[in-house]
Engineer: 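Following this message is one structure expressed as structure tokens.
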Amino acid sequence: MSNLFKLNTQIEAIDENFLLSRFAHIYKENRVIDFIIDRTVEPDLFSEIIDDFDPLISVEKVFIAKPITRGAKQPLALLRLKNDIKFYKYAPKIVEILLEQLTYTSTRQIICGWGCSEHSLDNLKTRFQKNLIAKSEGSAQAFVLRWYDPRVQYVFQNMAPEVLYHHYLADYKIWEYLHPKGIFTKVPVAYTFKFNNIFPKQVIDFLMMCEDVNSMNKYLVNKNIPSNQIDPMLTYEHLILIKGNSANVEFNVMSELVYWFYKVGSTLTEHAEIKTLWHREDYEQMLEKLNTDSTLQANVLERDRVNG
């Protein structure tokens, strides 16, 4: 994990009162608090709020790259609260939505983060629009890069923390976001740098899997893997391992295999019979074996006992 962000508060400690206190602290210290609201998820949400504020960000309609939304494209909104009446009226509504985004079971990421900036909204709007468009190295293809999405930011702070921190979030002296691990806070650093928004193909390919990883994490929760044991980067690693073994495996099979990697650990394919089936790409037989083999089941139970 990058040291440019810190895990401010574990997810277990986050509730309505805590979030309101975080917002109030930033607001009182700076007399302003900004939110990025993603209306691609829920276009009509906060319409009564957003209509009171200016500006709305008109996103260039290229297409939404995965991550994360394939649906209709609506504007993103920069929302700035700098009036006591507005803050105390709307902060509880924002908290209500955030509480629905606490776990991997939700695909809603409407409130993408909050903080404060010394720039005007017009200035932020212009810079935000420029930074939404990214390109893959050696290609003219453009992407709307959802760098502001908490699930993408979590990946960025593991892959390219300086780019996220010193470029995309350079305009914010305070920035926080809510992820199923907890609230992450930007650590104060004095400098910024310019970035041309061109990424190596492998980085774009990695980001293109964010939606799949999110779906798999939701599947893991439904299969009773505790949320505190799920990490997107670990899910990525398992997913890449499976895709590297076979490019044609179906998504539902990949999800079940990722589940078993979480249950047994990285040594899963070292088990003699599983190893043979893995190399034959006989995943149906492999999953049947995993679900019925008493030795493997005993190993899983022992691992669960050790992990509490």
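Heavy atoms only: backbone and side chains are in, while hydrogens, waters and symmetry mates are out.
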Engineer: The criterion is side chain to side chain donor-acceptor pair (under 3.5 Å); which residues satisfy it with Tyr219, sequence neighbours excluded?
Structural biologist: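 Only Glu256 meet the side chain to side chain donor-acceptor pair (under 3.5 Å) criterion with Tyr219.
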Engineer: Same cluster or not: are Leu20 and Leu81 linked, directly or through other Ile, Leu, Val, Met, Phe, Trp or Tyr residues, by side-chain heavy atoms under 4.5 angstrom apart?
Structural biologist: yes
Engineer: Taking all non-hydrogen atoms of both residues, which atom of Gln153 and which atom of Tyr148 are closest, and how far apart?
Structural biologist: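 Reported closest heavy-atom pair: NE2-CA, 3.5 Å.
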Engineer: Which heavy atom of Ser215 sits nearest to which heavy atom of Phe251, and what is that distance?
Structural biologist: CB-CZ, 3.9 Å
Engineer: Indicate the ring-plane relationship of Tyr236 and Phe206, choosing parallel, tilted or perpendicular according to the 30° and 60° boundaries.
Structural biologist: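 Plane angle under 30°, so parallel.
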Engineer: Within 45 degrees of the axis of the six-membered ring of Tyr259 and under 6.0 Å from its centre: does Lys223 put its NZ or CZ there?
Structural biologist: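 Satisfied, under 6.0 Å and within 45°.
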Engineer: Measure from the side-chain N and O atoms of Tyr27 to the backbone N and O of Asp84, and report whether any donor-acceptor pair falls under 3.5 Å.
Structural biologist: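 Pair found, side chain donor or acceptor close to backbone of Asp84.
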Engineer: List the steps, then state whether side chain to side chain contact (heavy atoms under 4.5 Å, CB included) holds for Gln157 with Leu4.
Structural biologist: CA-CA 8 Å; Gln157 72 191 47; Leu4 296 176; over 6 Å; no
Engineer: Does a side-chain heavy-atom distance below 4.5 Å link Lys6 with Lys186?
Structural biologist: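 Answer no - side chains too far apart.
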Engineer: Just verifying a value: how many Å separate Ser117 OG and Asp34 CG, rounded to the nearest 0.5 Å?
Structural biologist: 6.5 Å
Engineer: Any salt bridge linking Lys289 with Glu273? Criterion: basic side-chain nitrogen under 4.0 Å from a carboxylate oxygen.
Structural biologist: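 Yes, this pair counts.
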Engineer: Just grab all the salt bridge (charged side-chain N to carboxylate O under 4.0 Å, His left out) pairs involving residues 130-140, residues at least two apart or on different chains.
Structural biologist: none
Engineer: Determine whether Thr103 and Pro180 make a side-chain contact, defined as any pair of heavy atoms from C-beta on separated by less than 4.5 Å.
Structural biologist: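 No, their side chains stay 4.5 Å or more apart.
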Engineer: How far apart are the C-alpha atoms of Trp278 and Ile242, what are their side-chain angles, what is the distance that settles it, and do they pass the side chain to side chain contact (heavy atoms under 4.5 Å, CB included) test?
Structural biologist: CA-CA 9 Å; Trp278 173 261; Ile242 295 165; 4.0 Å; yes
Engineer: Check Phe195, Phe156, Tyr177, Phe128 against Trp147 for a ring pair (Phe, Tyr, Trp, His ring centres under 6.0 Å) and give me the one that passes.
Structural biologist: Phe128
Engineer: What is the minimum heavy-atom distance between Leu268 and Ile274, and which atoms define it?
Structural biologist: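 Nearest pair, atom of Leu268 first, then Ile274: O-CG2, 3.5 Å.
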Engineer: Report yes if some heavy atom in the side chain of Glu284 is under 4.5 Å from a heavy atom in the side chain of Val253; otherwise report no.
Structural biologist: no
Engineer: To the nearest 0.5 Å, tell me how far Glu176 CD sits from Ile174 CD1.
Structural biologist: 7.5 Å
Engineer: Please examine the side chains of Ser266 and Glu237, heavy atoms only from C-beta on, and report whether any two atoms are closer than 4.5 Å.
Structural biologist: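 SC-SC contact between Glu237 and Ser266 ruled out.
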Engineer: List the steps and the verdict of side chain to side chain contact (heavy atoms under 4.5 Å, CB included) for Lys243 and Asp212.
Structural biologist: CA-CA 12 Å; Lys243 285 189 171 184; Asp212 291 342; 4.2 Å; yes
Engineer: Which heavy-atom pair separates Met216 from Leu239 by the least distance, and what is that distance?
Structural biologist: CE-CD1, 3.4 Å
Engineer: Please examine the side chains of Arg80 and Leu124, heavy atoms only from C-beta on, and report whether any two atoms are closer than 4.5 Å.
Structural biologist: yes
Engineer: Could you measure the distance from the CE atom of Met159 to the CD atom of Gln202? Nearest 0.5 Å is fine.
Structural biologist: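 Output value for this atom pair is 8.0 Å.
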Engineer: Applying the 4.5 Å side-chain criterion to the ILVMFWY set and letting contacts propagate, would Val152 and Leu234 be lumped into a single cluster?
Structural biologist: yes
Engineer: For the atom pair CG (Leu132) and CG (Asn197), what is the distance rounded to the nearest 0.5 Å?
Structural biologist: 9.0 Å
Engineer: Shortest non-hydrogen contact from Leu241 to Phe261?
Structural biologist: CD2-CZ, 3.5 Å
Engineer: Got a sec, which residues hit side-chain contact (heavy atoms from CB on, under 4.5 Å) with Gln285, two or more places apart in sequence or on another chain?
Structural biologist: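 side-chain contact (heavy atoms from CB on, under 4.5 Å) check on Gln285 returns Leu277, Asp282, Glu288.
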Engineer: Kindly give the heavy-atom pair with the smallest separation between Lys181 and Asp231, and that separation in Å.
Structural biologist: CE-OD2, 3.9 Å
Engineer: Is there side-chain contact between Met286 and Leu257, with at least one heavy-atom pair below 4.5 Å?
Structural biologist: yes
Engineer: Mind checking whether Ile111 and Val95 sit in one hydrophobic cluster, side chains of I, L, V, M, F, W, Y counted as touching below 4.5 Å?
Structural biologist: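 Yes, same cluster.
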Engineer: Give me the one residue out of Tyr88, Phe87, Trp114 that meets ring pair (Phe, Tyr, Trp, His ring centres under 6.0 Å) with Phe23.
Structural biologist: Trp114
Engineer: Suppose we screen for ring-ring contact (aromatic ring centres under 6.0 Å, His included). Which residues come up paired with His166, at least two apart in sequence or across chains?
Structural biologist: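 Here the qualifying residues are Tyr191.
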Engineer: Between the side chains of Asp149 and Tyr154, does any donor sit under 3.5 Å from an acceptor?
Structural biologist: no
Engineer: Are Tyr90 and Ile85 connected in a single hydrophobic cluster, I mean Ile/Leu/Val/Met/Phe/Trp/Tyr linked by side-chain heavy atoms less than 4.5 Å apart?
Structural biologist: no
Engineer: Go through the steps to decide whether Phe35 and Cys112 satisfy the test side chain to side chain contact (heavy atoms under 4.5 Å, CB included), and finish with yes or no.
Structural biologist: CA-CA 7 Å; Phe35 296 90; Cys112 291; over 6 Å; no
Engineer: Do Phe5 and Pro161 have side-chain heavy atoms sitting under 4.5 Å apart?
Structural biologist: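 A side-chain contact under 4.5 Å is absent here.
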Engineer: Between Asn214 and Cys210 (side chain of the first, backbone of the second, donor and acceptor by atom type, cut-off under 3.5 Å), is there such a pair?
Structural biologist: no
Engineer: Could you tabulate the donor-acceptor pairs under 3.5 Å formed by side-chain atoms of residues 8-17, not counting sequence neighbours?
Structural biologist:
| from | atom 1 | to | atom 2 | distance (Å) |
| --- | --- | --- | --- | --- |
| Asn8 | ND2 | Thr185 | OG1 | 3.2 |
| Asp15 | OD1 | Asn17 | N | 3.2 |
| Asp15 | OD1 | Phe18 | N | 2.9 |

Engineer: With a 3.5 Å distance limit and no angle check, can you tell me whether Ser136 reaches the backbone of Ser139 through a side-chain donor-acceptor pair?
Structural biologist: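 Such a contact is absent between Ser136 side chain and Ser139 backbone.
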Engineer: If I take atom CG from residue Leu102 and atom NE2 from residue His179, how far apart are they, to the nearest 0.5 angstrom?
Structural biologist: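 Interatomic distance, Leu102 CG to His179 NE2, rounded to 0.5 Å: 12.0 Å.
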Engineer: Could you check whether any side-chain heavy atom of Leu7 comes within less than 4.5 Å of a side-chain heavy atom of Ile183, counting everything from C-beta outward?
Structural biologist: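 No, every pair of side-chain atoms sits at 4.5 Å or beyond.
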Engineer: Strictly by modelled atom types, are Thr235 and Asn217 linked by a side-chain donor-acceptor pair under 3.5 Å?
Structural biologist: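 A pair is found: one side chain offers a donor N or O, the other an acceptor, under 3.5 Å apart.
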Engineer: Find the distance between CG (Asn30) and SG (Cys116) and round it off to the nearest 0.5 Å.
Structural biologist: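 Separation between the atoms: 3.5 Å.
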Engineer: If hydrophobic clusters are built by linking Ile, Leu, Val, Met, Phe, Trp and Tyr wherever their side-chain heavy atoms come under 4.5 Å apart, do Val163 and Ile198 end up in the same one?
Structural biologist: no
Engineer: If you draw a 6.0 Å radius around CG in Asn248, do more than 12 non-hydrogen atoms from other residues or ligands fall strictly inside?
Structural biologist: no
Engineer: Only pairs at least two apart or in different chains count here, so list each salt bridge (charged side-chain N to carboxylate O under 4.0 Å, His left out) that has a residue in residues 111-121.
Structural biologist: Glu118-Lys173
